[in-house]
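Some notes on the structure that comes next.
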2 protein chains.
Amino acid sequence: MAAMTEFDRVVTDLLGQHDLRYTVGRRALVKVLRVADRPVTLPELLGLAGDLPQSSAYRNLALLEEAGVVRRLVHGGDHAHYELAESLTEHHHHLICNHCGRVTDMTLSPALEQTLDDSFGSIAEASGFVASSHVIDVYGLCSQCAN
Amino acid sequence: MAAMTEFDRVVTDLLGQHDLRYTVGRRALVKVLRVADRPVTLPELLGLAGDLPQSSAYRNLALLEEAGVVRRLVHGGDHAHYELAESLTEHHHHLICNHCGRVTDMTLSPALEQTLDDSFGSIAEASGFVASSHVIDVYGLCSQCAN
DNA sequence: TTGCTTGCAAATGATTTGCACTGCT
DNA sequence: AGCAGTGCAAATCATTTGCAAGCAA
């Protein structure tokens with residue numbers, strides 16, 4: 001196999017830790033997720049990835065998720081959305097359109113993130129809950145749907 | 001019918017605005033949601049509500065949601081969770097156990113909520129997105145599962 | 001060879017819906 | 001009478017899984 005980018009090396013390693021191979025089909029999925037600048041649904045993924053069998057796509061996304069390469073987002077819509085895991089990107093949140101369901105990324109300032117983690121940690125602690133991560137979804141209308 | 005509490009009056013009104021009646025079955029669902037101090041799944045709801053047919057429960061929860069009486073939460077687990085809409089309770093967020101899936105409520109200080117809304121609003125605006133509400137989920141381990 | 005992968009077809013399971021009947025108003 | 005509500009059974013549909021064949025180490 002030809003030259004491997006640092007990104008591919010990291011993915012290969014994550015997969016290897018779970019006895020999984022970085023096959024052509026998996027590369028195709030990861031590539032689409034990497035190129036798309038937002039979380040995508042499975043139908044979108046299939047459309048963008050050329051010709052992958054649906055069941056293999058589902059199966060590989062599940063494995064990629066276990067290996068920490070992919071993150072699966074569940075909102076109210078018909079399909080889940082998939083994006084690269086934060087270890088491969090950056091901690092961020094989502095803007096979700098109430099009308100068309102499109103999801104786009106949003107990043108908060110490190111200072112605000114710190115404030116939030118501190119708040120969540122202490123509030124959770126009060127009830128014996130051990131907080132480890134947080135997710136923020138902002139709902140509204142995307143530029144397309146807002147008219 | 002006998003005396004009606006202020007709460008029931010509000011619910012009746014919300015339903016009435018959608019040409020829906022506040023029937024016995026719907027009262028049973030709302031009562032369980034009100035008594036439970038946390039969002040519950042449909043199976044839990046059926047268990048707590050005595051003997052309601054599953055399909056009617058699903059159907060009525062969907063109608064109650066449309067009428068603004070109930071809110072449906074979707075996370076990764078097998079079942080959605082249901083709680084009373086914020087117009088009947090208070091703006092709050094959720095602590096979600098990674099192990100057992102239990103969801104509990106969490107309230108942030110008004111000052112922090114204000115900071116968040118300001119931040120979300122301006123960040124969203126930069127991409128033409130019109131923000132209208134936000135959801136925050138804190139993941140971790142509940143007191144039961146943390147050992 | 002051993003064991004991870006794959007594609008197809010079939011299964012799963014939460015949620016939804018068609019329909020005939022009941023009950024408010 | 002007229003329409004909303006209910007329960008049952010059957011349908012939906014995104015997602016998962018069994019299995020037999022393919023491929024890499």
Side-chain angles (χ1 to χ4, degrees), chain A residues 1-2 4 8 11-31 39-47 49-67 69-82 101 103, chain B residues 1-2 4 8 11-32 39-47 49-67 69-83 101 103:
Chain A
M1 85 190 63
M4 210 186 231
D8 283 335
V11 174
T12 302
D13 186 52
L14 283 169
L15 287 171
Q17 289 170 31
H18 293 254
D19 294 303
L20 296 172
R21 299 172 192 159
Y22 198 13
T23 63
V24 181
R26 291 169 190 170
R27 279 171 193 273
L29 290 171
V30 170
K31 181 171 184 187
V40 294
T41 62
L42 190 109
E44 288 174 329
L45 213 36
L46 294 181
D51 183 40
L52 293 178
Q54 189 185 50
S55 65
S56 296
Y58 272 120
R59 182 153 35 199
N60 283 326
L61 286 168
L63 293 171
L64 287 165
E65 186 185 16
E66 267 188 73
V69 177
V70 160
R71 175 148 70 134
R72 183 179 189 221
L73 311 174
V74 183
H75 300 119
D78 283 346
H79 294 272
H81 284 77
Y82 297 90
V103 181
Chain B
M1 85 189 60
M4 210 187 230
D8 283 334
V11 174
T12 302
D13 187 51
L14 283 168
L15 287 171
Q17 289 171 31
H18 293 254
D19 293 302
L20 295 172
R21 299 172 192 159
Y22 198 13
T23 64
V24 180
R26 290 169 190 170
R27 279 169 193 274
L29 290 171
V30 169
K31 181 171 184 187
V32 171
V40 294
T41 62
L42 191 109
E44 287 174 330
L45 211 38
L46 294 182
D51 183 40
L52 292 179
Q54 189 186 52
S55 66
S56 295
Y58 271 120
R59 182 151 33 197
N60 282 326
L61 286 168
L63 293 172
L64 287 165
E65 187 185 16
E66 267 188 73
V69 177
V70 161
R71 174 148 71 136
R72 182 176 191 227
L73 311 174
V74 183
H75 300 120
D78 282 347
H79 293 272
H81 284 76
Y82 296 89
E83 67 179 2
V103 181

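The structure presented is a predicted model; accordingly, all values stated were derived computationally and were not measured. Sequence lines set the chain letters: A, B, ... in the order given, protein chains first and strands last, and positions in each chain run from 1.
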Task: Value in whole Å for how far the C1' atom of dG5(D) lies from CG of L52(B) - done: 13 Å
Task: Within-4.5 Å side-chain heavy-atom neighbours: V70(A) and L63(A) - done: no
Open item on the list: Of the options dG7(D), dT6(C), dT15(D), whose atoms approach the side-chain atoms of S55(B) most closely?
Closed with: dG7(D)
TODO: Round to the nearest Å and state the distance from L61(B) atom CG to dG7(D) atom P.
DONE: 13 Å
Open item on the list: Strictly below 4.0 Å: does S56(A) bring a side-chain N or O up to OP1 or OP2 of dG7(C)?
Closed with: yes
Open item on the list: Within this structure, what is the CG-CG distance for the pair D78(A) and L42(A), rounded to the nearest 0.5 Å?
Closed with: 13.0 Å
Open item on the list: Could you check whether any side-chain heavy atom of Y82(A) comes within less than 4.5 Å of a side-chain heavy atom of L64(A), counting everything from C-beta outward?
Closed with: no
Open item on the list: Tell me the interatomic distance from L15(B), atom CG, to dA4(D), atom C1', rounded to whole angstroms.
Closed with: 12 Å
Task: Atom of L52(B), atom of L46(B) and distance for their closest heavy-atom approach - done: O-CD2, 3.6 Å
Open item on the list: Quick check on contacts: within residues 71-83 of chain B, what sits under 4.0 Å from DNA chain D by heavy-atom distance?
Closed with: none
Open item on the list: How many whole angstroms separate atom CG of D19(A) from atom P of dG3(C)?
Closed with: 11 Å
Open item on the list: Would the distance check show the side chain of R72(B) and the main-chain N or O of A62(B) forming a donor-acceptor pair, the cut-off being under 3.5 Å?
Closed with: no
Open item on the list: Just the rounded figure in Å: distance from P of dT15(C) to CG of L42(B).
Closed with: 7 Å
Open item on the list: Working to the nearest 0.5 angstrom, can you tell me the gap between D13(A) CG and H18(A) NE2?
Closed with: 9.5 Å
Open item on the list: I need the CZ-P distance between R26(B) and dG7(D), as an integer number of Å.
Closed with: 11 Å
TODO: Would you tell me if any nitrogen or oxygen in the side chain of Y58(B) comes within less than 4.0 Å of OP1 or OP2 on dT15(C)?
DONE: yes
Open item on the list: Looking at dT5(C), I'd like to know if its phosphate oxygens (OP1 or OP2) sit under 4.0 Å from a side-chain N or O belonging to N60(A).
Closed with: no
Task: Proximal nucleotide (of dA14(C), dT5(C), dT6(D)) relative to the R21(A) side chain - done: dT5(C)
Open item on the list: Distance check needed: dG7(C) P versus L46(A) CG, whole Å only.
Closed with: 11 Å
Open item on the list: Check this one for me: any side-chain N or O of T23(A) less than 4.0 Å away from OP1 or OP2 of dT6(C)?
Closed with: yes
Open item on the list: On DNA chain C, compare the nucleotides closest to P43(B) and G25(A); which residue's is nearer the 5' end?
Closed with: G25(A)
- [ ] Give the rounded distance in Å between these two atoms: CD of E66(B) and P of dT16(C).
- [x] 11 Å
Open item on the list: In the structure I gave you, are the side-chain heavy atoms of V11(A) and R26(A) within less than 4.5 Å of one another anywhere?
Closed with: no
